[in-house]
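So the structure is just underneath, and the comments pick up after that.
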Amino acid sequence: MTPSEKVAYLKGLAEGLDISADDKNGKLLLAVIDALDSFAASIEALEVDSADMADELDSLGDDVSFIEELILDDEDDYDEDYDDDDDESFCCSSCCGCDDEADYEVTCPQCGEVVPVYEDDLSFGNIICPGCGETLEFDFDETDEPDGED
């Protein structure tokens, strides 16, 4: 039996016993039943909210597991593809150029800093000087390669 059903039973008993609010004892008993009715309604609302939150938490847990699986699978693939103990030229990422030697160097006309330019940078058409923030634009054709590098 739910709390509301129990309170409804008590209300029925009070009516069956002809308890009225006219005397002191009846007034007290009816006030207690009303308080119990409020408590029962609150408890049932909390149970509904709790069930909704449990469902939402389960859903979020499933989402987190899915994302975790994606991330861990990617890291596992990364670890299998790149074993830095066996490869002296291992780089943390093939596109960052952190350990690669620059393909070209340009001197910034604004601050004079020599800026390394990598092959991948050429497709962007410009780079930002790390010294002064100036945009260095360039136009590179495959025909512009130095002799002997066809």
- Task: Provide the closest heavy-atom pair for Leu30 versus Ala14 in the form atom of the first, atom of the second, distance.
- Result: CD2-CB, 4.1 Å
- Message: Side chains of Lys11 and Asp37, heavy atoms from C-beta outward: is any pair under 4.5 Å?
- Response: yes
- Task: State the CD-CD1 distance between Glu137 and Ile127, to the nearest 0.5 angstrom.
- Result: 11.0 Å
- Nearest atoms (heavy-atom pairs only) where Val7 meets Ala40: CG2-CB, 4.0 Å
- What is the distance from atom CD of Glu69 to atom CD1 of Ile71, rounded to the nearest 0.5 Å? 11.0 Å
- Go through the steps to decide whether Ile43 and Glu47 satisfy the test side chain to side chain contact (heavy atoms under 4.5 Å, CB included), and finish with yes or no. CA-CA 6 Å; Ile43 289 170; Glu47 287 174 345; 3.8 Å; yes
- Query: If two hydrophobic side chains count as joined below 4.5 Å and joins carry through other members, does Ile33 share a cluster with Leu28?
  - Reply: yes
- Reported CG-to-CD1 distance for the pair Asp62 and Ile67, which is rounded to 0.5 angstrom: 11.0 Å
- Task: Supply the atom-to-atom distance Cys129 SG to Glu113 CD, rounded to the nearest 0.5 angstrom.
- Result: 5.0 Å
- Query: For the hydrophobic clusters of this structure (ILVMFWY residues joined by side-chain heavy atoms under 4.5 Å, transitively), does one cluster hold both Tyr104 and Val106?
  - Reply: yes
- Nearest 0.5 Å, what's the CG-CD distance between Asp49 and Glu56? 12.5 Å
- Take Glu134 and Leu136, measure what side chain to side chain contact (heavy atoms under 4.5 Å, CB included) needs, and give me the verdict at the end. CA-CA 6 Å; Glu134 179 76 19; Leu136 306 175; 4.2 Å; yes
- Just by distance, do the side chain of Ser59 and the backbone of Asp55 share a donor-acceptor pair under 3.5 Å? no
- Item | Derivation and outcome, side chain to side chain contact (heavy atoms under 4.5 Å, CB included), residues Val48 and Asp52 | CA-CA 6 Å; Val48 168; Asp52 290 345; 4.0 Å; yes
- Task: Spell out, yes or no, whether Leu29 and Leu17 are grouped together once hydrophobic residues are joined by side-chain heavy atoms under 4.5 Å, including indirect joins.
- Result: yes
